[in-house]
Amino acid sequence: MKIAVSAAGTTIEDQMDERFGRCPYFLLVETVDGVIKDVIVTPNEGAIEGHGAGLKAVAQLGELGVEAVITGNLGPNAFNALAQMHISAYCGSGYATIKAAVEALQSGKLPEISQSQQAHHGMGVN
Amino acid sequence: MQIAVTGGKGGTGKSTIATALALALAKKSRVLLMDADADCPNDHLLLGMERQQIKIVEQRIPVWNMQTCTKCGACGPVCKANAIVSVTGHEPFFSSPQCHGCGACAHNCPTGAISWGAKEIGTIYSGKSGAVDLLSGELKVNEPASERIIQEMKQLVNQKKTAYDHVIIDTAAGTHCDVIAALEGVEHVLAVTEPTPLGAHDLELILELTAAMRLPSSIIINRYEEGRDDLIAPVAERHKIEIKARVPYSEEIVRSYARGESISHPVIDSLARGLDASFGS
């Protein structure tokens, strides 16, 4: 399974970023039978966009063949676009590291994000 | 004649001067005032008029024909507004509020699957106050393309231009697309500024724009204080632009403005006479 996690840093020991469209990195975590096999870090192309950051990020993850996203909040556009791309979204808030959140997903403990939150507006940092 | 009232900086008195000038010209001419600040139109308030809706402005948006769309993913990456997510093998996702209607998606579609629909982006109103007729455009909140409203208003102005001696176009602040659309084709630009470092800085920017557009321009200093030419005069000299009028700071004008009323002043009357003599039909 190919999972993308909105990340504050570049390793799976770093924290998840609560923001989806404006997180600095995505960690692409490949799991096989629930075990982490591979981790790739990629900058979030949406982070520096003036507007439409969430949609830019969905397009990026879609082209990478991501099947699930772990993040904190999803704006309405990103929420709907992920659904259309058949990418599931899970809430990883409350876990100390990205690794812990991925493991929680693998053991079925992460709740699916079922509705969008308010969008994060503005460039880069907020 | 068509004269634009602009200035770069916000709050310099563009609408105050534009409405006062329209009223002064209307004493002997047929005047149409076009409020081209479609984000925050105020001229109808200064003129104390009720506006009537005359037109809904629409903007084109792409519509996908899923019979011919091959889900190739070509439309999304060319959308600079990030309004489209297209991932190979999936139906494209479209977010209408972001779309400017540029057409890059349709242009780039290899199977011609994208045609045009429309979304409502704003309204054009008309109003009347004594001898001044008003056209006022208002953009819907969250829509990006205010220049579309201005372009539609200009079409209406062109249809009616024989009915008026003078058309005054009151632009938004800034030097962006909506201001450019408002300035296009005018015979003269009045750049309203104030004697502050901020006014001088933004005056430079608008004069660079009018020079690039090759539009004859002059400067109006609002809230002018006697003897204080040190900030604006050097800008005027550098750009070889005439300072056409100096509207003095006056408590009476400030009070009128605070009440949301139009102003009158001998300097504006004199400016109107000068413009009428230079550009009158």
Side-chain angles (χ1 to χ4, degrees), chain A residues 1-4 6 19-23 26 28 42-69 71 73-89 113 115-124 126, chain B residues 39 59 61-67 69-106 108-110 113-114 117 119 121 139-148 174-178:
Chain A
M1 187 184 200
K2 200 166 195 176
I3 305 159
S6 58
R19 305 163 304 169
F20 175 72
R22 303 246 173 235
C23 66
F26 286 111
L28 305 173
T42 181
N44 171 15
E45 292 169 8
I48 55 162
E49 293 289 319
H51 44 76
L55 293 187
K56 184 94 175 173
V58 173
Q60 181 184 358
L61 300 182
E63 285 298 344
L64 290 166
V66 164
E67 295 153 83
V69 162
T71 188
N73 300 312
L74 279 176
N77 270 337
F79 178 81
N80 290 325
L82 281 172
Q84 189 147 330
M85 300 305 137
H86 303 297
I87 299 172
S88 323
I113 297 175
Q115 71 180 76
S116 67
Q117 306 292 313
Q118 201 173 2
H120 282 282
H121 288 288
M123 287 255 303
N126 59 355
Chain B
D39 284 288
Q59 180 213 295
I61 52 172
V63 178
W64 281 260
N65 178 348
M66 292 317 298
Q67 304 297 314
C69 172
T70 60
K71 303 177 182 173
C72 71
C75 48
V78 295
C79 178
K80 295 302 172 202
N82 291 333
I84 303 168
V85 178
S86 68
V87 171
T88 314
H90 291 276
E91 204 168 303
F93 175 86
F94 174 62
S95 171
S96 165
Q98 263 114 313
C99 177
H100 297 234
C102 74
C105 51
N108 210 41
C109 176
I114 298 175
K119 65 171 173 177
I121 62 164
L139 188 71
K140 273 175 77 170
V141 171
N142 209 23
E143 284 298 334
S146 48
E147 68 275 15
R148 287 279 313 121
T175 54
H176 223 283
C177 304
D178 55 339

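Labels below follow one simple rule: chain letters A, B, ... track the order of the sequence lines, proteins then strands, and each chain is numbered from 1.
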> Can you list the steps and then say if A/Val58 with B/Phe93 is a side-chain contact (heavy atoms from CB on, under 4.5 Å)?
Replying inline: CA-CA 10 Å; A/Val58 173; B/Phe93 175 86; over 6 Å; no
>> Set out, in order, the CA-CA distance, both residues' side-chain angles and the distance that settles side-chain contact (heavy atoms from CB on, under 4.5 Å) for B/Gln98 and A/Leu55, then state yes or no.
In response: CA-CA 10 Å; B/Gln98 263 114 313; A/Leu55 293 187; 4.1 Å; yes
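For the set B/Pro97, B/Ser86, B/Ala81, the entry with the most heavy-atom pairs within less than 4.5 Å of chain A is B/Ala81.
Note that CG of A/Asn77 is 10.5 Å distant from CZ of B/Phe94, once rounded to the nearest 0.5 Å. Summarising the geometry, atom CG belonging to B/Asn82 is positioned 10.0 Å from atom CD belonging to A/Glu45; distances are rounded to the nearest 0.5 Å. One finds the NZ atom of B/Lys80 at 12.0 Å from the NE2 atom of A/His51 (value rounded to the nearest 0.5 Å).
Residues B/His90 and A/Met85 approach most closely at CE1-O, 3.1 Å, considering heavy atoms.
The closest side-chain heavy-atom distance from A/Gln84 to B/Val85 is not below 4.5 Å.
Heavy atoms of B/Pro144 lying under 4.5 Å from chain A are absent altogether.
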